Engineer: 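This is the structure, below, for whatever I ask next.
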Amino acid sequence: MAQNFMEGNEAVAWGAFRAGCRFFAGYPITPATTILNTMLKLLPPAGGICIQGEDEIASMGFCLGASMAGMKVLTATSGPGISLYSENISFAIGSEIPLVIVDVQRLGPSTGSATRGADGDIQFLRWGNTGGLPVVVLAPVNAVDCYQLTAHAFNIAETLRCPVFIASNKETGMTKESFDMDAVELPKIKNRIRYASDKPFLPFAARNDHAAPEYLPIGGPALVRQTSSTHGMDGYITVDREVIAKNQDRLEKKLETCVDQFTFYDFFDADTDTLLITYGVTSRAAKTALSGLNAAGTPVAHLILKTLWPVPENLIRKIAAKFRKIVVVEMNLGQYAREIRRILNDKPVAFFGQMDGNMIPPSRIKEVLTHDQPAQ
């Protein structure tokens, strides 16, 4: 069995490459730069393109143009770069331009600490666009997840024509681990649906009220209009309130109605009344903590969420139904706990969070779980 020793960032790059990504543009930023470095090694020999833009805004513009021309596209940054990406993220949502965006999160706010991890961008990734329309956010736990979830991210981006985020973390992205890439099952690779009709092409015509439009590339024989303004099916700017409302509704439904199809998670059941919910690198400390508690005769069930947005409400309600007490632990001050509380409004949901540049250790999670009233 061939073992690959690589950090999570390198695994993201390999997952993108094997999903068919042949274009990367980004600007160096700790702790995401090794994704750029790895793509620089992978893409040119395969006929792909890897560009270091003059800044984050230019890099996202390059990505949007490459995607409109038909390429599978990846970019990577950290929290300060997501701030600069925001306008073009909104463009990608409104004009249904597929791309995968990796946010290797570091401690904020603002410049924060470049070499310290946190999960402080979780709400920002969801709401950092004008209009508040939904996006997809996946959260890897380890290098294997970085590899596998990135391939899934490309499938989602291509089939739903939307931006998809990988919410990584400095600790996940820059920790080296051994795993056999060839033994990890990747999804069947999908591509966006190309328009194949003799009728005139309408760039934003979808087959129903929750589907993505079929696709033709800019630069081909057919005229393709793209605009960041409100538009009708023909791509022309419109102020028709019914046309605008119908399109907004479709942009929301095309993600919200099919989230169950890309809900990724791990669940470890136990004979207990307590369920712990985690995501990202904190899940690793949680697994160690629960192993100790189980051995001591104090079992706790564990749900690891790998799809964060749209919120997998059906999954969370189904799994949480039999538990009396829910505990959420995350490396911030409660960004996802509020979603759990919103969904499980009939159950007490306790929370422990920490955002000081250090990971939450297993000992602290054990303390929270065994205390009668966990920290709120």
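As the structure is a prediction and not an experimental result, all values here were calculated from the model.
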Engineer: To the nearest 0.5 angstrom, please state how far the OG1 atom of T307 sits from the CG atom of L138.
Structural biologist: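 Rounded to the nearest 0.5 Å, the OG1-CG separation comes to 5.0 Å.
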
Engineer: What heavy-atom pair brings G70 and P217 nearest, and what distance separates the two atoms?
Structural biologist: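 Smallest heavy-atom distance, with atoms named: N-CB, 4.4 Å.
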
Engineer: Count the heavy atoms belonging to other residues, nucleotides or ligands that lie under 6.0 Å from CZ of F267, then report whether that count exceeds 12.
Structural biologist: yes

Engineer: So which atom in I326 and which in I277 form the shortest heavy-atom distance, rounded to 0.1 Å?
Structural biologist: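 Where I326 meets I277 most closely, the heavy atoms are CG2-CD1, 3.7 Å.
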
Engineer: Hey, could you give me the CZ/CD1 distance between F264 and I304, rounded to the nearest 0.5 Å?
Structural biologist: 15.0 Å

Engineer: Please find out if less than 6.0 Å separates the ring center of H231 from that of F204.
Structural biologist: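 Between H231 and F204, the centre distance is under 6.0 Å.
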
Engineer: Does CE in M181 sit with more than 12 non-hydrogen atoms of other residues, nucleotides or ligands closer than 6.0 Å?
Structural biologist: yes

Engineer: How far does CD1 of I97 sit from CG of L64, to the nearest 0.5 angstrom?
Structural biologist: 4.5 Å

Engineer: Using the rule that two of Ile, Leu, Val, Met, Phe, Trp, Tyr join whenever any of their side-chain heavy atoms come within less than 4.5 Å, decide whether L43 and F23 are in one cluster.
Structural biologist: no

Engineer: Could you check whether any side-chain heavy atom of L125 comes within less than 4.5 Å of a side-chain heavy atom of V135, counting everything from C-beta outward?
Structural biologist: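 Heavy-atom side-chain distance check fails, nothing below 4.5 Å.
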
Engineer: Taking NZ, NE, NH1 and NH2 as the nitrogens, is one of them in R18 or D182 under 4.0 Å from a carboxylate oxygen of the other?
Structural biologist: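 Here R18 pairs with D182 in a salt bridge, since their nearest N and O are under 4.0 Å apart.
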
Engineer: Can you find a side-chain donor-acceptor pair between T75 and Y85 that sits under 3.5 Å?
Structural biologist: yes

Engineer: Answer yes or no: is there an ion pair linking K176 with E7, defined by an N-O contact shorter than 4.0 Å?
Structural biologist: no

Engineer: Between S95 and T227, is there a donor-acceptor pair closer than 3.5 Å when you use the side chain of the first and the backbone of the second?
Structural biologist: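 At least one qualifying donor-acceptor pair exists.
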
Engineer: Any chain of hydrophobic side-chain contacts (each under 4.5 Å) joining V259 to V136?
Structural biologist: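 Hydrophobic grouping puts V259 with V136.
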
Engineer: Could you check whether atom CD of E242 has more than 12 heavy atoms from other residues, nucleotides or ligands sitting under 6.0 Å from it?
Structural biologist: no

Engineer: Quick one: ring pair (Phe, Tyr, Trp, His ring centres under 6.0 Å) partners of F262, sequence neighbours excluded?
Structural biologist: none

Engineer: Salt-bridge test for D234 and R225: reply yes if a basic N is under 4.0 Å from a carboxylate O, no otherwise.
Structural biologist: no

Engineer: Please report the interatomic distance CG(N9) to CD1(I166), rounded to the nearest 0.5 Å.
Structural biologist: 11.5 Å

Engineer: Out of curiosity, C146 SG to F179 CZ, how far, rounded to the nearest 0.5 Å?
Structural biologist: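 One finds 8.5 Å between SG of C146 and CZ of F179.
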
Engineer: I want to check something: taking the side chain as every heavy atom from C-beta on, are N345 and R341 in contact at a cut-off of under 4.5 Å?
Structural biologist: no

Engineer: Test question: given the 4.5 Å side-chain rule for I, L, V, M, F, W and Y, name all other residues clustered with I29, or answer none.
Structural biologist: none

Engineer: What do you reckon, is NZ of K347 surrounded by more than 12 foreign heavy atoms closer than 6.0 Å?
Structural biologist: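 Enclosed: over 12 neighbouring heavy atoms sit under 6.0 Å from NZ of K347.
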
Engineer: Decide yes or no for L251 and E256: does some side-chain heavy atom of the first lie under 4.5 Å from some side-chain heavy atom of the second?
Structural biologist: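 L251 vs E256: side chains apart.
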
Engineer: Find out whether N4 and S178 are in side-chain contact, i.e. whether some heavy atom of one side chain is under 4.5 Å from a heavy atom of the other.
Structural biologist: no

Engineer: Do N358 and R116 touch side chain to side chain, with heavy atoms closer than 4.5 Å?
Structural biologist: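 Yes. Closest side-chain heavy atoms under 4.5 Å.
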
Engineer: Walk me through it: do K246 and D240 pass the test salt bridge (charged side-chain N to carboxylate O under 4.0 Å, His left out)?
Structural biologist: CA-CA 10 Å; K246 186 175 181 180; D240 185 311; over 6 Å; no

Engineer: If the condition is ring pair (Phe, Tyr, Trp, His ring centres under 6.0 Å), which residues does Y336 pass it with, not counting sequence neighbours?
Structural biologist: Y279, W309

Engineer: Would you say that D103 contacts S78 through its side chain, given a criterion of any heavy-atom pair below 4.5 Å between the two side chains?
Structural biologist: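 Yes - at least one pair of side-chain heavy atoms lies under 4.5 Å apart.
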
Engineer: Heavy-atom distance under 4.5 Å between the side chains of L308 and I122, does that happen here?
Structural biologist: yes

Engineer: Hey, mind stepping through I365 and I360 against side chain to side chain contact (heavy atoms under 4.5 Å, CB included) and telling me if it holds?
Structural biologist: CA-CA 7 Å; I365 296 174; I360 301 172; 3.7 Å; yes

Engineer: With distance as the sole test, does N129 use its side chain to make a donor-acceptor pair with the main-chain N or O of L133 at under 3.5 Å?
Structural biologist: yes

Engineer: Strictly below 4.0 Å, N to O, side chains only: are K306 and D145 in salt-bridge contact?
Structural biologist: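 Yes, this pair counts.
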
Engineer: Pair F268, L290 - check side chain to side chain contact (heavy atoms under 4.5 Å, CB included), show working.
Structural biologist: CA-CA 10 Å; F268 304 92; L290 297 193; over 6 Å; no

Engineer: Y215 ring centre to R192 NZ or CZ under 6.0 Å, with the angle to the axis within 45°?
Structural biologist: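 Yes, cation above the ring, under 6.0 Å and within 45°.
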
Engineer: Do we get R364 above F352's six-membered ring, with its NZ or CZ under 6.0 Å from the centre and within 45° of the axis?
Structural biologist: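 The answer is yes, since R364 meets both limits relative to F352.
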
Engineer: Check this for me, if you would: do R161 and E214 make a salt bridge, where the nitrogen-to-carboxylate-oxygen distance has to be below 4.0 angstrom?
Structural biologist: no

Engineer: Do side-chain atoms of Q123 reach the backbone of Q335 as a donor and acceptor pair under 3.5 angstrom?
Structural biologist: yes

Engineer: So, R284 and E171, do they make that salt bridge, N to O below 4.0 Å?
Structural biologist: no

Engineer: What are the two closest heavy atoms between A92 and L99, and how far apart are they?
Structural biologist: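 The pair with the smallest heavy-atom distance is CB-CD2, 3.7 Å.
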
Engineer: Tell me, do I218 and Q226 make a side-chain contact under 4.5 Å, heavy atoms counted?
Structural biologist: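 Sidechains of Q226 and I218: in contact.
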
Engineer: When clusters are formed by joining ILVMFWY residues with side-chain heavy atoms under 4.5 Å apart, either directly or through shared neighbours, do L186 and V100 land in the same one?
Structural biologist: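 Yes, it is one cluster - the side chains of L186 and V100 are joined through contacts under 4.5 Å.
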
Engineer: In sequence, state the C-alpha distance, the side-chain angles, and the governing distance for N191 and K72, and then conclude on side chain to side chain donor-acceptor pair (under 3.5 Å).
Structural biologist: CA-CA 9 Å; N191 300 297; K72 290 188 177 182; 3.1 Å; yes

Engineer: Would a hydrophobic clustering, with Ile, Leu, Val, Met, Phe, Trp and Tyr connected at side-chain separations under 4.5 Å, put V73 with V12?
Structural biologist: no

Engineer: Hey, could you give me the CZ/CZ distance between F24 and F62, rounded to the nearest 0.5 Å?
Structural biologist: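 Interatomic distance, F24 CZ to F62 CZ, rounded to 0.5 Å: 12.5 Å.
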
Engineer: So which of R250, K253, K254 actually passes salt bridge (charged side-chain N to carboxylate O under 4.0 Å, His left out) with D209?
Structural biologist: K253

Engineer: Is there a path from V141 to M174 through hydrophobic residues (I, L, V, M, F, W, Y) whose side chains come within less than 4.5 Å of each other?
Structural biologist: no

Engineer: Among D119, N332, N169, which residue satisfies the side chain to side chain donor-acceptor pair (under 3.5 Å) criterion with Q105?
Structural biologist: D119

Engineer: Is the shortest side-chain N to carboxylate O distance from K287 to D266 below 4.0 Å?
Structural biologist: no

